[in-house]
Structures are given as structure tokens and as C-alpha cells.
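Computed from a prediction, not measured in an experiment: that's the story for all the values here. For this chain, numbers begin at 1 and follow the sequence in order. Atom set for the values below is all heavy atoms of this structure, side chains included, hydrogens, waters and symmetry mates excluded.
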Amino acid sequence: MASMMGTFYHNIDVKGRLNFPTKLREILGSTFYVTKGLDQPCLTIYSELEWEKLSKKIANLPEAKGGQLRRWLFSGAGMLVPDKQGRVVIPQDLRTFAGLEKDVVVIGADNKAEIWDKSRWESLNASFDVQQMLETLDELGF
């Protein structure tokens, strides 16, 4: 699967519809999955293949270790099927979790995509630690 990349600015309408970026839809396929972000208040989008990989890994965790993660991830998950205009409906509980009201940013993040409230995305970008990223690249041999 090709890497998802890019930053796309869109709006969510009052019915929760989002025109999902064509470039990302082409990689994700005709059906994809949305759930709560694990490390940030955003939404994470997975292709069917990536969702199955993630599900299998989590299913193999012992209940004591994976129970909370399973409840968190799957209780808020949903399947997205774009309409003819490329729009998907983001469930209300997920919009509330990520603070999505109108202006959103959809980003490609390698094997997944993320949906952010525009102001949260801008705040996160302003707080990136460039030195830490350079150290990580150094560890990878770049």
C-alpha cells in the first residue's frame, strides 16, 4: 500500500459530512475505518487491510493488557463508505471526541490518515520539538 501523505483543509457540515480527500480515498479504498486517536484528540482513519492488521494485533493481547485498549478503540470505531461526491459521515460521538465542528484538517500519516480540528492541528504544529525530531532521524541514520 502506498504511503498516505499531504495536508488537506476541509469543512464538516452540520450533518457531519466531510468531503474526504481524493488522494487519500484512492489509497484507502471504497470502505475504510475511523476511530479515536490513541495519542492525540484527533480521529484516525485506516484502510480495511490496516484495520485488520491492527485488530489482529490487539486481539492477541491478553485481556489484562488489551481489554482497556479494545474497549477504547472499538467502541468508538465506525466504517466509512464515501458517497458519489466523496463525502463520508463522521459519527457525532467521534466528532465530539476530536472537537470537530467546522474547519478540519485531514492529513496523511504513512499507513493511516488523521482528521484534526484545524486550530488543534495548528497548535500541535507550533509545539513540534524540532530538536527531538532531528535526534530521532539521527537514531535512524539520516
Side-chain angles (χ1 to χ4, degrees), residues 1-137 139-140 142:
M1 184 169 93
S3 290
M4 286 182 262
M5 58 184 98
T7 302
F8 308 88
Y9 294 86
H10 287 278
N11 293 322
I12 288 185
D13 69 17
V14 293
K15 295 180 181 177
R17 294 178 300 197
L18 166 67
N19 190 350
F20 208 83
T22 304
K23 287 183 180 183
L24 299 180
R25 280 197 329 265
E26 289 170 354
I27 296 169
L28 288 164
S30 59
T31 301
F32 39 95
Y33 295 84
V34 60
T35 192
K36 297 175 259 188
L38 291 174
D39 65 333
Q40 294 286 337
C42 67
L43 301 181
T44 307
I45 309 290
Y46 296 96
S47 67
E48 198 162 4
L49 177 65
E50 289 296 324
W51 183 253
E52 288 173 12
K53 283 187 205 175
L54 178 65
S55 297
K56 285 179 184 171
K57 286 180 182 179
I58 294 171
N60 287 328
L61 291 171
E63 186 62 30
K65 192 171 189 176
Q68 183 177 350
L69 178 58
R70 272 191 284 281
R71 285 186 288 279
W72 169 258
L73 203 61
F74 295 108
S75 69
M79 183 186 303
L80 301 179
V81 180
D83 66 13
K84 287 182 171 78
Q85 289 81 38
R87 297 175 304 188
V88 295
V89 177
I90 307 297
Q92 179 62 54
D93 59 328
L94 291 177
R95 293 193 319 261
T96 301
F97 167 79
L100 306 179
E101 292 181 18
K102 186 177 181 209
D103 297 323
V104 299
V105 179
V106 182
I107 65 161
D110 189 24
N111 68 334
K112 61 187 176 187
E114 294 177 341
I115 305 172
W116 287 81
D117 168 72
K118 185 179 179 229
S119 61
R120 279 189 181 160
W121 174 248
E122 289 170 349
S123 293
L124 180 70
N125 274 300
S127 70
F128 279 148
D129 185 334
V130 175
Q131 188 59 43
Q132 183 181 11
M133 288 189 285
L134 290 173
E135 289 170 9
T136 301
L137 284 173
E139 287 173 25
L140 294 172
F142 286 91

Nearest 0.5 Å, please: how far is [atom2] in [Y] from [atom1] in [X]?
| X | Y | atom1 | atom2 | result |
| --- | --- | --- | --- | --- |
| Asn111 | Lys53 | CG | NZ | 7.0 Å |
| Ile107 | Leu24 | CD1 | CG | 9.5 Å |
| Thr22 | Arg25 | OG1 | CZ | 4.0 Å |
| Ile90 | Arg95 | CD1 | CZ | 8.0 Å |
| Ser55 | Asn60 | OG | CG | 11.0 Å |
| Ile27 | Lys112 | CD1 | NZ | 15.0 Å |

Heavy-atom pair of closest approach, residues [X] and [Y]:
| X | Y | answer |
| --- | --- | --- |
| Tyr33 | Ser47 | CD1-O, 4.3 Å |
| Asp13 | Lys15 | OD1-N, 2.9 Å |
| Leu73 | Lys36 | CD1-O, 4.1 Å |
| Gly37 | Thr44 | CA-OG1, 3.5 Å |
| Asp110 | Ser3 | OD1-OG, 2.9 Å |
| Ser30 | Pro82 | O-CD, 3.3 Å |

NZ/NE/NH1/NH2 to OD/OE distance under 4.0 Å, Glu122 and Lys118: yes

Is atom CD of Gln85 surrounded by more than 12 heavy atoms (other residues, nucleotides or ligands) closer than 6.0 Å? yes

Flag if over 12 foreign heavy atoms under 6.0 Å of CD, Gln40: yes

Quiz question: by atom type and distance under 3.5 Å, do the side chains of Thr96 and Gln92 form a donor-acceptor pair? yes

What orientation do Phe32 and Phe20 show, parallel under 30°, tilted 30 to 60°, or perpendicular over 60°? tilted

Please work out whether the ring planes of Trp72 and Phe97 are parallel, tilted or perpendicular, with thresholds of 30° and 60°. perpendicular

Hey, mind stepping through Leu69 and Ile58 against side chain to side chain contact (heavy atoms under 4.5 Å, CB included) and telling me if it holds? CA-CA 8 Å; Leu69 178 58; Ile58 294 171; 4.0 Å; yes

Short side-chain to backbone donor-acceptor contact, Arg120 and Cys42, under 3.5 Å: no

Begin with the C-alpha distance, continue with both residues' side-chain angles, and end with the deciding distance and a verdict on side chain to side chain contact (heavy atoms under 4.5 Å, CB included) for Glu63 and Arg70. CA-CA 9 Å; Glu63 186 62 30; Arg70 272 191 284 281; 2.8 Å; yes

Of the options Leu18, Leu28, Val88, which is the one that meets Leu80 in a side chain to side chain contact (heavy atoms under 4.5 Å, CB included)? Val88

